[in-house]
2 protein chains.
Amino acid sequence: MQTGPQPADFADVRATNLAVVLRHVRAHGPVSRAGIAAATGLNKATVSSLVADLIDRRLLRETGLAENRIGRPATMLVLDGSAYAAIGIEVTGDHLTAVAVDLAGEQLLSWRRAFTASFEPGRGVSAIASLAGRAASRATAQGRQVLGLTVGVPGLVDETGAVRRADALGWSDVDLRGDLIKALRKPEYDVAVDNDANLAALAEQRYGNHSGARNLIYLTGETGLGAGLIVDGRLLRGGRGFTGEIGRIQLHGGTLQELAGIESLIQRALPDADADGPITDFAPEIARLTTAARAAAPRTLDALRDVGRHLGHALSLLTNLLNPETIVLGGYFVPLATWLIPAAQAEMATHTLAPDAGGAILVPSVLGSGAAAIGGAARVLDALDTGNLPALAV
Amino acid sequence: MQTGPQPADFADVRATNLAVVLRHVRAHGPVSRAGIAAATGLNKATVSSLVADLIDRRLLRETGLAENRIGRPATMLVLDGSAYAAIGIEVTGDHLTAVAVDLAGEQLLSWRRAFTASFEPGRGVSAIASLAGRAASRATAQGRQVLGLTVGVPGLVDETGAVRRADALGWSDVDLRGDLIKALRKPEYDVAVDNDANLAALAEQRYGNHSGARNLIYLTGETGLGAGLIVDGRLLRGGRGFTGEIGRIQLHGGTLQELAGIESLIQRALPDADADGPITDFAPEIARLTTAARAAAPRTLDALRDVGRHLGHALSLLTNLLNPETIVLGGYFVPLATWLIPAAQAEMATHTLAPDAGGAILVPSVLGSGAAAIGGAARVLDALDTGNLPALAV
DNA sequence: CTACTTTGTTTAGTCACCAGACGAACTAAC
DNA sequence: GTTAGTTCGTCTGGTGACTAAACAAAGTAG
């Protein structure tokens, strides 16, 4: 039970146990009521009552199938993904990604469109709201109730959902959550705004190769460099909500953003990088970079090794401070992981304990470029896992 | 309510609400039953029942005093510290500190004795057990029930209470908790072992000048250099429990331990420091150091400024990653804080956001040298605050 | 067809909380 | 001094959620 100042009552017991059953079914495939009772320690009668409630809420479904052992056959229960949807939107300097996910983890839609932050937040907010509105309409048209929307932004987001500072977008002090709620005309679903690295970490925890890890760090490799920190099973937020600002940390030679950011990497790894003006679209540059790396171009390999070392140094700091089990590289680091990871691991090994004594393993993300968007949906679905169920449909 | 796999039942509701009442009385001085009900939202009848239970358990006490407002006078309730005691022991390279604290925060005893780790853990364990046993006897002789014992060790302690590695003691793989339980002949009270920085952070959170802070970092300045990290109200433990190993982090020029550890500071700040052999007792050296600093000896001031800068650099990393509100300097850093803090703050200011935008304030500890011992007792008492009450006395 | 096994529901009981009534104890005012 | 008003804390009855145990349901084994 929680340590909070709030007292508990029956509703809390019910919510907790509903969540226990829901999580158990999600984690342990098709199960019978009796199986749930045996595994959770709840009484059979209680499980029956809880399951009936969850079926009413269209969160569980009976599969007609019976098991073929001795005794009365069991009616198996599985997650019913079909009634609800959660929407996540990721904002970067050059595009928006929207995804909708159902409870069973099915991806209902995955949209990507160009986006220009353009130093004028008003239009940016309109574009985000428009995309969110269309995603919600699509989900509704498919007969699904939208449970919530989370927008991931590369920058500092405070606890009220306001963007205090987002260099990659040129924004500061934009009440994104408030403006979105206005633009969406007070939707009945939940609206939240969070840092992109935080959401990507949640996505990895729920859907990644190392899902369920209680200690996981996600390192974004988008325009900015940020970290989402999950320690002891919880996402760290800190005093103002500004955790994981790893790009800002000072190493010998500059900040990590300067030493190992994507822009710096491109400029050092590609001999003919455009010297004039900022890069507006990174994807083709990264493609050229991987080609050059595969061709073993010395300058490219040197730059990748160098960036890997700096990342490794920064990750050794994180490892000494937070003792994670898993570190996931995301964004543009994923296609480059083959070259970055060995250098980073070598650097980490010299400054931290060995993996068998509490060190961390370093892996590339398998979630693709929209990790933060998926994480936005995951944040919404996580609410169900903690007992915050949708009201009964009438 | 918790997200754990455990289902909830009535006992949990009761425990949660008992803890709510207990915490409220501890935080808000003498209160009446009606006052508790109004503040917590619990029903008056429920509060009466909870209070009766807590009085039976000798955790609360009625003060005969009545308030002088209109209406029926209230019978005020306060914490009853007299029935229980919690014991904390801090182990360092050269001494043991034992404290016993009651529920109301009264320090019942504070012992300090010499200790030699001597590369032979067996005798060290005996010495700790002997001290713990005598502290427990003393508390029992005063009519108090001992609720638990926590031993703080400068080093890596895993989740089972085994010391995996403690350089300052020359220990590795010592099952300290198991050995203590054996040596104390399976005491009926709870025995735990934890990292000294973790416990000191708990002590600051419960008893320090910034008590109640939800985001607080404690930096030890004993033989080793470690950090206790409290983020979002919880102490971070990480995958193996090895968080806060800040001495091990690599900065330009060496590890933080090498750059800003007490030994390094003494050797650089005192021109005539013993060059031969390790320093066995730091206290007199620190005293000489403060004298030299007050006399504005250039070499001393330079060394302090330098160490302050390195600490500031390391703390800027922590601040960017964890966004704490408060950072507390402990151990031998406390008498030197006057000279260390300005340099550290200047360094932090250049690498982090300004305090008004989410930065951290840096202060010396006010708890004295036995902070980890006090924290050991605090860990025991924290169990009460989360509903883990002692069984009813018969 | 009978015995056995396992599932899931039903019934009765307990426990903790809540709302509202009520007695207790005191102040204020006439 | 009596009466009204206020606040405190307890008491009573009611509700919701869990549990244990009995039981009906639906199969297998022989």
Side-chain angles (χ1 to χ4, degrees), chain A residues 1 6-22 24-25 30-57 60-78 387 389 392, chain B residues 1 6-22 24-25 30-57 60-78 387 389 392:
Chain A
M1 290 231 170
Q6 268 70 6
D9 63 358
F10 301 118
D12 295 314
V13 174
R14 187 70 173 177
T16 301
N17 290 338
L18 285 167
V20 165
V21 171
L22 189 60
H24 184 81
V25 174
V31 232
S32 67
R33 290 170 174 81
I36 296 171
T40 61
L42 288 162
N43 190 279
K44 282 194 298 176
T46 308
V47 171
S48 277
S49 161
L50 293 166
V51 164
D53 208 340
L54 291 170
I55 289 176
D56 280 354
R57 289 185 153 91
L60 293 187
R61 190 162 45 85
E62 289 188 342
T63 67
L65 292 178
E67 283 222 331
N68 47 358
R69 287 171 307 171
I70 196 173
R72 171 175 166 180
T75 55
M76 305 305 273
L77 298 159
V78 291
L389 303 188
L392 247 170
Chain B
M1 289 231 171
Q6 268 68 6
D9 63 357
F10 301 118
D12 295 315
V13 174
R14 187 69 173 178
T16 301
N17 289 339
L18 284 168
V20 165
V21 172
L22 189 59
H24 189 263
V25 175
V31 231
S32 66
R33 291 169 173 81
I36 296 171
T40 60
L42 289 162
N43 189 279
K44 281 195 297 175
T46 307
V47 171
S48 277
S49 161
L50 294 166
V51 164
D53 208 341
L54 291 170
I55 289 176
D56 279 354
R57 289 185 153 89
L60 293 188
R61 190 164 44 87
E62 289 187 341
T63 68
L65 292 177
E67 283 223 331
N68 48 359
R69 287 172 307 171
I70 196 175
R72 171 174 166 179
T75 53
M76 304 307 269
L77 299 159
V78 291
L389 302 188
L392 245 172

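Side chains are part of it too, since the values below use all heavy atoms of this structure and drop only hydrogens, waters and symmetry mates. Protein chains get the first letters and strands the later ones, always in sequence-line order, with residue 1 at the start of each. From a predicted model like this one, the values you see are computed outputs, not experimental measurements.
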B:H24 to B:A39 - nearest heavy-atom pair and separation: NE2-CB, 3.2 Å
A:S49: partners by side chain to side chain donor-acceptor pair (under 3.5 Å), with sequence neighbours left out: A:R14
Rounded distance in Å - CZ (B:R33) to P (C:dA24): 17 Å
Under-4.0 Å side-chain N/O to phosphate OP1/OP2 contact, B:S32 with D:dG9: yes
Separation of D:dC8 P from B:M76 CE (nearest whole Å): 9 Å
Atom-to-atom span, CG of A:D12 to C1' of D:dT15 - whole angstrom: 16 Å
Partner residues of A:S48 under the side chain to side chain contact (heavy atoms under 4.5 Å, CB included) criterion, sequence neighbours left out: A:R33
Write down the protein N/O and nucleotide N/O pairs, taken from nucleotides 16-20 of chain C, whose separation is under 3.5 Å; answer none if there are no such pairs.
from: C:dC17; atom 1: OP1; to: B:N17; atom 2: ND2; distance (Å): 2.6
from: C:dC17; atom 1: OP2; to: B:R14; atom 2: NH1; distance (Å): 2.6
from: C:dC18; atom 1: OP2; to: B:N43; atom 2: N; distance (Å): 3.2
from: C:dC18; atom 1: OP2; to: B:T46; atom 2: OG1; distance (Å): 3.1
from: C:dA19; atom 1: N7; to: B:N43; atom 2: ND2; distance (Å): 3.0

A:A37: side chain to side chain contact (heavy atoms under 4.5 Å, CB included) partners, not counting sequence neighbours: A:K44, A:V47
Between D:dC8 (C1') and B:R72 (CZ): distance, integer Å: 4 Å
Short side-chain to backbone donor-acceptor contact, A:T46 and A:L42, under 3.5 Å: no
A:I70 CD1 - C:dT2 P separation (whole Å): 18 Å
Interatomic distance, B:E62 CD vs D:dC8 P [rounded to whole Å]: 15 Å
side-chain N/O A:T75 vs C:dT7 OP1/OP2, d < 4.0 Å: no
Nearest heavy atoms of A:A74 and A:S32, plus distance in Å: CB-CB, 3.4 Å
